[in-house]
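Remarks on the structure that follows.
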Amino acid sequence: MTKAEKNEARSVVSLEHARKSFGDVEVLRDISLSVNHGEVVAIIGPSGGGKSTLLRCLTLLERLDDGDLSYEGVAVARGGAYGDKNVLAQARQRFGLVFQNYNLFPHFSVLRNVMDAPVCVQKRDRSEAEEEARALLAKMGLAGNEDKVPCQLSGGQQQRASIARALAMHPDIVYFDEPTSALDPELTAEVLRVIKELAAENMTMVIVTHEMGFAREVADRIVFMDGGVIVEQGPAERVIDHPREERTKAFLAQREG
């Protein structure tokens with residue numbers, strides 16, 4: 001099946017008419033977004049535009065005030081009313097999340113960071129989980145670092161370890177929240193290379209990023225958010241090179257400047 005055909009398949013995640021406020025500030029205003037199997041979606045926009053809040057709602061770190069959220073056959077929220085703990089547990093099995101600041105357990109070895117959730121949450125065989133964790137770390141260029149603790153790794157190595165940890169759960173979709181914002185340019189390149197490789201393997205991903213060149217190169221679709229709404233979305237090259245909305249044009253011109 002080609003990537004285009006995969007993108008015609010049913011969505012991995014679907015969000016409809018989502019709203020979220022913090023106090024009197026409405027951060028998400030009637031947001032609807034779906035992501036299909038094998039699709040890479042990059043979310044761009046200015047700080048405070050709602051990008052990270054959107055990701056936190058998709059990954060159940062925040063609750064919607066209103067709207068529908070589903071992961072394929074799992075209806076997580078309807079009209080802002082959430083399913084029970086079993087429904088939420090099912091949904092959490094569907095996605096992985098890579099944070100800005102790694103969020104590795106500092107007192108665990110790198111290997112244990114990757115294999116802990118498959119063993120403790122998914123109840124997988126320990127030896128099988130360890131074998132897969134070692135293979136994922138090798139894929140991330142971290143062979144030989146299994147017994148180190150996170151503080152012994154560079155920022156780029158820690159972020160690649162956190163990607164391995166997300167992949168170890170066999171997620172249907174992986175979310176990245178500004179995965180390179182804490183890294184210098186050399187380490188950024190390491191992490192972006194790994195994400196590009198995952199895209200080439202048809203991993204379904206949503207990436208909040210400020211790296212416009214990377215977004216253009218790796219994403220199938222770009223979503224531009226500002227003021228809590230989706231201002232514009234479309235094929236990556238079209239949105240980056242020929243934006244239609246004035247707010248998108250102004251944002252991209254500022255990034256170039």
Could you tell me whether R78 atom CZ has more than 12 heavy atoms of other residues or ligands within 6.0 Å of it? yes
For L64 and A18, work out which heavy atoms get closest and say how close. CD2-CB, 3.7 Å
Exactly one of V35, V13, V12 should register a side chain to side chain contact (heavy atoms under 4.5 Å, CB included) with V206. Which one does? V35
Among the clusters formed by ILVMFWY side chains lying less than 4.5 Å apart, do F176 and F99 turn up in the same one? no
So which atom in V114 and which in A164 form the shortest heavy-atom distance, rounded to 0.1 Å? CG1-O, 3.8 Å
Tell me whether H242 at atom NE2 has more than 12 heavy atoms from other residues, nucleotides or ligands lying less than 6.0 Å away. no
Could you check whether the rings of Y71 and Y175 sit parallel, tilted or perpendicular, using 30° and 60° as the cut-offs? perpendicular
Nearest heavy atoms of T59 and F95, plus distance in Å: O-CZ, 3.4 Å
Is the backbone N or O of C57 less than 3.5 Å from a side-chain atom of E62, with the two atoms forming a donor-acceptor pair by type? no
Rounded to the nearest 0.5 Å, what's the gap from CG on L28 to NZ on K51? Could you check? 11.5 Å
A161 and L142 have their tightest heavy-atom pair at N-CD1, 3.6 Å
Can you tell me how far the CE atom of M115 sits from the CG atom of L137, to the nearest 0.5 Å? 11.0 Å
Nearest 0.5 Å, what's the CZ-CD distance between R112 and E130? 12.5 Å
Say whether, by atom type as modelled, one donor and one acceptor occur between the side chain of R165 and the main chain of Y102 under 3.5 angstrom. yes
Report the C-alpha distance between I44 and V208 in whole Å, list the side-chain angles of each, state the deciding distance to 0.1 Å, and finish with yes or no for side-chain contact (heavy atoms from CB on, under 4.5 Å). CA-CA 6 Å; I44 65 171; V208 172; over 6 Å; no
So does R124 pair up with E132, basic N to acidic O under 4.0 Å? yes
If Ile, Leu, Val, Met, Phe, Trp and Tyr residues are connected whenever their side-chain heavy atoms lie under 4.5 Å apart, and connections chain through other members, are L55 and V41 in the same group? yes
Side chain to side chain donor-acceptor pair (under 3.5 Å) assessment of D177 paired with S52: CA-CA 7 Å; D177 188 7; S52 289; 3.1 Å; yes
Give the C-alpha distance, both sets of side-chain angles, the deciding distance and a yes or no for side-chain contact (heavy atoms from CB on, under 4.5 Å) between H37 and E72. CA-CA 10 Å; H37 284 272; E72 292 195 23; 2.8 Å; yes
Check the side chains of S21 and E26 for a donor-acceptor pair under 3.5 angstrom, ignoring hydrogens and angles. no
Close side-chain approach of L153 to V110, heavy-atom, < 4.5 Å: yes
Closest non-hydrogen atoms of P118 and A168, given as atom of the first, atom of the second and distance, are CG-O, 3.6 Å
Got a donor-acceptor contact below 3.5 angstrom from the D84 side chain to the V87 backbone? yes
Do the non-hydrogen side-chain atoms of I240 and M212 ever get within less than 4.5 Å of each other? yes
Using atom types as modelled and distance alone, determine if a side-chain donor or acceptor of S181 lies under 3.5 Å from a backbone N or O of E178. yes
Can you list, by chain and residue number, the hydrophobic cluster partners of V149 when the side-chain cut-off is 4.5 Å? none
Interatomic distance, L54 atom CG to I230 atom CD1 [nearest 0.5 angstrom]: 7.0 Å
Quick one: does NZ or CZ of R63 land under 6.0 Å from the six-membered ring centre of Y82, within 45 degrees of the ring axis? yes
How long is the gap from CE on M140 to CD on Q157, to the nearest 0.5 Å? 13.0 Å
Which distance, rounded to the nearest 0.5 Å, do you find between the CD of Q159 and the OG1 of T188? 9.5 Å
Do the side chains of E201 and K139 get close enough for a salt bridge, i.e. N-O under 4.0 angstrom? yes
Assess the residue pair I43 and T209 against the criterion (side-chain contact (heavy atoms from CB on, under 4.5 Å)); give the C-alpha distance rounded to whole Å, side-chain angles, the decisive distance to 0.1 Å, and a yes or no. CA-CA 6 Å; I43 303 178; T209 184; over 6 Å; no
Test side-chain contact (heavy atoms from CB on, under 4.5 Å) applied to Q233 and V239, step by step: CA-CA 7 Å; Q233 63 177 308; V239 173; 5.7 Å; no
Would you find a donor on one side and an acceptor on the other, under 3.5 Å apart, between the side chain of E146 and the backbone of G144? yes
F251 side chain reached by V231 side chain, heavy atoms, under 4.5 Å: no
Is the side chain of N113 donor-acceptor paired with the backbone N or O of L104 at a distance under 3.5 Å, no angle test? no
Is it true that a side-chain atom of D241 and a backbone atom of R238 form a donor plus acceptor pair closer than 3.5 Å? no
Using a 4.5 Å cut-off on heavy atoms from C-beta on, say whether the side chain of T180 contacts that of E211. yes
Would you call R160 and E190 a salt bridge, taking side-chain N to carboxylate O under 4.0 Å as the test? yes
Does a side-chain heavy-atom distance below 4.5 Å link V121 with Q93? yes
Is there a side-chain contact between V98 and I195 (heavy atoms, below 4.5 Å)? no
Kindly indicate, with the supporting measurements, whether the criterion salt bridge (Lys or Arg N to Asp or Glu O under 4.0 Å) is fulfilled by E39 and R221. CA-CA 8 Å; E39 189 177 21; R221 177 162 45 116; 2.9 Å; yes
May I ask you to check whether over 12 heavy atoms, not counting those of Q122, lie within 6.0 Å of atom CD? yes
In terms of hydrophobic clusters joined by side-chain contacts under 4.5 Å, are M203 and I163 together? yes
Could you tell me if the side chain of L60 sits less than 4.5 Å from the side chain of R92, heavy atoms only? yes
How far apart are the closest heavy atoms of A219 and A236, and which atoms are they? O-CB, 3.3 Å
Can you tell whether the side chains of D65 and R19 come within less than 4.0 Å, N to carboxylate O? no
Is a side-chain N or O of D184 found less than 3.5 angstrom from the main chain of L187, in a donor-acceptor match? yes
Flag the pair D172 / T204 as yes when at least one side-chain heavy-atom distance between them is below 4.5 Å, and no otherwise. no
Report yes or no: do I173 and L58 belong to one cluster of Ile/Leu/Val/Met/Phe/Trp/Tyr joined by side chain heavy-atom distances under 4.5 Å? yes
Classify the side-chain pair E16/S32 by whether it contains a donor and acceptor separated by less than 3.5 Å. no
Name the orientation class of the two ring planes belonging to H107 and F105 (parallel below 30°, tilted from 30 to 60°, perpendicular beyond 60°). perpendicular
Do L167 and V40 sit in the same hydrophobic cluster, where Ile, Leu, Val, Met, Phe, Trp and Tyr count as joined when their side-chain heavy atoms come under 4.5 Å apart? yes
